[in-house]
Amino acid sequence: MYKVMKYWLMKSEPEAFSIDDLERSPKKTTCWDGVRNYQARNFMREMEIADQVFFYHSSTDPSCIVGIAEVVRKAYPDHTALDPEDKHYDPKSTNANPIWEMIDIKLVRKFDHPLTIEELRDVTGLEKMELLRKGSRLSVQPVRPEEWKIVVGLADRKVKSKKK
DNA sequence: GCCAACGTTGGC
DNA sequence: GCCAACGTTGGC
């Protein structure tokens, strides 16, 4: 059965886990643990193998989309929610009902020139992008195909940040 | 460091 | 079920 390729964006604070950390990981692959937001989890449940993901560095200066990864494993229980020693432990989560899930992603490529949130705000066609919505805090979010195309185009043309 | 914009919790 | 209080995210 034909499946439509889906596009996503996932945020990470580079101090916690950066795209360079992903590049250094075995097989350039990591599990995306620690998501504790239902909306974000539900988006991860929708992910299929080979879906494409923007890797975004948040809470840094400047915050930017730094590259592309792809989904290599569908949603499965996040074991860190079950471990009382873990920072992301959630007592509501049990083996019978894990509640929280994660996916695996693999690095596709790093952008030569990361796209800052500042320059993305000025781009025609990205006005409705979830990342740019005021007050948006979703750490896992869908990206429209047309938005994906625009952003990748910008990265490929190596457009640098304009001075205001 | 500030604070807007959330999501969650818990008393009622 | 309402909503105030609280905690968190993340741009600035």
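Basis for what follows: all heavy atoms, side chains included, without hydrogens, waters or symmetry-related copies. Naming convention: chains lettered A, B, ... in sequence-line order (proteins, then strands); numbering from 1 in each chain. Quantities reported herein were computed from a predicted structural model and do not represent experimental measurements.
- Under the ring pair (Phe, Tyr, Trp, His ring centres under 6.0 Å) criterion, A:Phe43 pairs with A:Trp8, not counting sequence neighbours.
- Between the CE atom of A:Met10 and the C1' atom of C:dG10 there is a distance of 18 Å, given to the nearest Å.
- Atom CG of A:Leu131 is separated from atom P of C:dG10 by 10 Å (rounded to the nearest Å).
- Within 6.0 Å of NZ on A:Lys6 lie more than 12 heavy atoms contributed by other residues, nucleotides or ligands.
- Taking the ring pair (Phe, Tyr, Trp, His ring centres under 6.0 Å) definition, one finds that A:Tyr7 meets it with A:Trp148, sequence neighbours left out.
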| request: Would you mind building the protein contact string for nucleotides 1-9 of chain C? One character per nucleotide, 5' to 3', B for base within reach (heavy atoms under 4.0 Å), S for sugar-phosphate only, - for untouched. | output: ------BBB

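- For A:Tyr38, the ring pair (Phe, Tyr, Trp, His ring centres under 6.0 Å) partners at least two apart in sequence or on another chain are A:Trp100.
- A salt bridge does not link A:Lys87 with A:Asp33: every distance from a Lys NZ or Arg NE/NH1/NH2 to an Asp or Glu carboxylate oxygen is 4.0 Å or more.
- No path of Ile, Leu, Val, Met, Phe, Trp and Tyr side chains, each step under 4.5 Å between heavy atoms, connects A:Ile105 with A:Met5, placing them in separate hydrophobic clusters.
- At a threshold of 4.0 Å, the pair A:Lys110-A:Glu23 counts as salt-bridged, since one of the basic side-chain nitrogens sits closer than that to a carboxylate oxygen.
- A:Arg121 comes within 4.0 angstrom of sugar-phosphate atoms only, judged by non-hydrogen atoms across all strands, and of no base.
- With axes fitted over five pairs at each extremity, the angle between the ends of the helix from B:dG1-C:dC12 to B:dC12-C:dG1 is 10° (10° resolution).
- Partners of A:Phe55 by ring pair (Phe, Tyr, Trp, His ring centres under 6.0 Å), not counting sequence neighbours, listed by chain and number: A:Trp32, A:His57.
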